[in-house]
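One structure is given here, and the rest of the page talks about it.
In what follows, every heavy atom counts, from backbone to side chain, and hydrogens, waters and symmetry copies are set aside.
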Amino acid sequence: MSYKFFYLFLIGGFISLGLLIYETITTYPKTETAGIFAGLVPAIVLFYLAHKVWREHNDRDLM
């Protein structure tokens, strides 16, 4: 993957995590497990992709 997508994945992960926190706070008494997982999965995937791009970039620099 290209390193230029690193910042997009990172920003997307933080936005997704922020929306998850906002949704959890606003619906606190009636939080649903499915809603939490639906917001948590995109954040985890985007942070994983950012980490993968960062590792590939660092490995290429070491070689």
- Message: Let's go through F47 and F14 carefully: what are the C-alpha distance in whole Å and the side-chain angles of both, what is the deciding distance for side-chain contact (heavy atoms from CB on, under 4.5 Å) to 0.1 Å, and is it a yes or a no?
- Response: CA-CA 8 Å; F47 282 131; F14 279 119; 3.9 Å; yes
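Of all the heavy atoms in A50 and L10, the pair that sits closest is CB-N, 4.0 Å. Nearest heavy atom pair, residue A43 against residue S16, reads N-OG, 3.4 Å.
The OG1 atom of T26 lies 12.0 Å from the CD1 atom of I21; values are rounded to the nearest 0.5 Å. The line from CD1 of I36 to CG of L20 is 7.0 Å long, rounded to the nearest 0.5 Å. Summarising the geometry, atom CD1 belonging to I11 is positioned 10.0 Å from atom CZ belonging to F6; distances are rounded to the nearest 0.5 Å. Rounding to the nearest 0.5 Å places NE2 of H57 at 14.0 Å from NZ of K4. Separating the CZ atom in R55 from the CG atom in D59 is a distance of 5.0 Å, to the nearest 0.5 Å. Atoms CZ and NZ, from F9 and K52 in turn, are 9.5 Å apart once rounded to the nearest 0.5 Å.
Taken together through direct or relayed side-chain contacts under 4.5 Å among Ile, Leu, Val, Met, Phe, Trp and Tyr, L8 and V45 form part of one hydrophobic cluster. Linking Ile, Leu, Val, Met, Phe, Trp and Tyr residues whenever their side-chain heavy atoms come within less than 4.5 Å leaves I15 and L17 in two separate clusters. Note: the hydrophobic cluster containing I44 also contains W54 (ILVMFWY, side chain heavy atoms under 4.5 Å, direct or indirect links). The hydrophobic cluster containing Y22 does not contain L40, counting ILVMFWY residues as joined when their side-chain heavy atoms lie under 4.5 angstrom apart, directly or transitively.
When atom types are taken as modelled, the side chain of T31 and the backbone of T27 share no donor-acceptor pair closer than 3.5 angstrom.
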